Amino acid sequence: MKIMTWNVNSIRSRLEHLLQVLKDDQPDVVLLQELKALEEQVPIEEIETLGYNIAIWGQKTFNGVAIFSKYPLEDIQRGIPENDEDSQARYIEAVTNGVRVASVYVPNGEAPGTDKYAYKLKFLDLLTRHAQTLLSYDEKFVMGGDYNVAPQDLDVYDPKSWHEKILCSTPEREHLRRLLYLGFTDALRDLYPDEENLYTWWDYRGVSWPSNKGLRIDHLFLSPQAADVLKNCEVNKGPRGWEKASDHAPVWCELKL
DNA sequence: ATGACGTGAGTATCACGA
């Protein structure tokens with residue numbers, strides 16, 4: 001079973017790219033972030049034509065997450081449970097083909113010290129608490145998405161210039177590590193522990209993409225039961241080079257069920 | 001460098017992202 005995560009930066013602007021990626025890569029499950037659309041604004045017919053069931057938590061203008069699957073989607077949860085105050089569409093979860101999956105869009109955080117940064121850390125705390133519950137189920141669980149945190153300097157093209165900057169600062173890395181150390185496996189880093197230049201996001205500005213100045217901030221976190229059957233994990237850099245690209249590349253992993 | 005570039009909202013710029 002192939003599971004892909006991708007921050008599309010507007011599903012309406014990226015529809016043709018999305019359809020092409022679905023045709024080229026044939027993922028069984030797709031975890032999307034930053035739809036920037038309400039559910040009724042998402043053009044679902046063309047996606048359904050490719051054989052996907054769809055669950056969406058949309059929002060006007062900002063955020064928005066979705067799960068597509070070639071298998072039925074059960075137990076759909078919109079938002080992190082027991083987080084009533086969170087009105088931003090940043091989390092959706094479902095069970096499909098016996099695997100629990102979640103699509104996560106962690107807040108950007110703007111800069112350390114800001115209100116948005118505090119909100120980011122709080123979101124990571126709430127996500128960690130919920131993930132702990134899900135891990136207690138002892139099932140195959142894949143939590144993928146745009147975490148907006150580069151876990152280590154190895155995940156950053158120029159660690160000195162990013163030192164204590166947003167996406168790389170110590171508190172957010174500690175929060176991400178606390179989540180990961182509940183028992184998740186970072187699928188890509190597990191298979192390529194020392195690989196440099198392994199990135200998932202490149203700034204639209206300047207020469208970031210052509211000179212591969214990127215960060216690895218999109219991740220697939222696997223429960224132990226999922227990690228036991230992990231066969232492959234790759235960044236698909238192709239779509240980042242297309243005209244009118246998202247600034248994120250899709251990342252996929254393959255589980256041998 | 002309060003920069004750059006892209007998207008949505010709305011129709012001139014601004015909020016937001018990373």
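Being a predicted model, the structure only gives us computed values, none of them experimental. Order of the sequence lines sets the chain letters (A, B, ...), proteins ahead of strands, with each chain counted from 1.
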For [N] versus [M], give the span between their [atom1] atoms, rounded off to a whole number of Å.
N	M	atom1	value
dA15(B)	dG10(B)	C1'	13 Å
dT7(B)	dA18(B)	C1'	14 Å
dA1(B)	dT11(B)	C1'	30 Å
dC14(B)	dA4(B)	P	13 Å

Counting just side-chain N and O atoms, does [X] come under 4.0 Å of either OP1 or OP2 of [N]?
X	N	answer
H248(A)	dG17(B)	no
S13(A)	dG8(B)	yes
R14(A)	dG6(B)	no
K116(A)	dA18(B)	no
N148(A)	dA18(B)	yes
Y157(A)	dA18(B)	no
N7(A)	dA18(B)	yes

Which nucleotide in the set [options] lies at the smallest distance from any side-chain heavy atom of [X]?
X	options	result
D247(A)	dG6(B), dA9(B), dA18(B)	dA18(B)
R205(A)	dA9(B), dG17(B), dA18(B)	dA18(B)
D146(A)	dG17(B), dG6(B), dA18(B)	dA18(B)
R12(A)	dC5(B), dA18(B), dG8(B)	dG8(B)
T61(A)	dG8(B), dT7(B), dA18(B)	dG8(B)
N108(A)	dG8(B), dA4(B), dG17(B)	dG17(B)

Touch class at under 4.0 angstrom, heavy-atom based, for [X] against every strand present:
X	value
K244(A)	sugar-phosphate
R216(A)	nothing
Y147(A)	nothing
E34(A)	sugar-phosphate
N63(A)	nothing
L167(A)	sugar-phosphate
I217(A)	sugar-phosphate

Distance check needed: [N] [atom2] versus [X] [atom1], whole Å only.
X	N	atom1	atom2	answer
Q33(A)	dA18(B)	CD	P	10 Å
D115(A)	dG17(B)	CG	P	13 Å
K120(A)	dA18(B)	NZ	C1'	8 Å
W202(A)	dG6(B)	CH2	C1'	17 Å
W201(A)	dT7(B)	CH2	C1'	15 Å
R240(A)	dA18(B)	CZ	C1'	12 Å
L38(A)	dA9(B)	CG	C1'	13 Å
K36(A)	dA9(B)	NZ	P	10 Å

D186(A) vs R177(A), salt bridge (charged side-chain N to carboxylate O under 4.0 Å, His left out): CA-CA, chis, key distance, verdict: CA-CA 10 Å; D186(A) 176 348; R177(A) 199 156 54 231; over 6 Å; no
Validation row, ring centre F123(A) to ring centre Y91(A) under 6.0 Å: no
Ring center gap for W6(A) and H248(A) short of 6.0 angstrom: no
Are more than 12 heavy atoms from other residues, nucleotides or ligands located less than 6.0 Å from atom [atom1] of [X]?
X	atom1	answer
K70(A)	NZ	yes
E164(A)	CD	yes
Q26(A)	CD	yes
D158(A)	CG	yes

Single-linkage hydrophobic cluster I76(A)~I3(A), side-chain heavy atoms < 4.5 angstrom: yes
Nearest-nucleotide comparison on DNA chain B, the residue closer to the 5′ end among E110(A) and A245(A): A245(A)
5' priority, DNA chain B, between P107(A) and G206(A) [closest heavy atom]: G206(A)
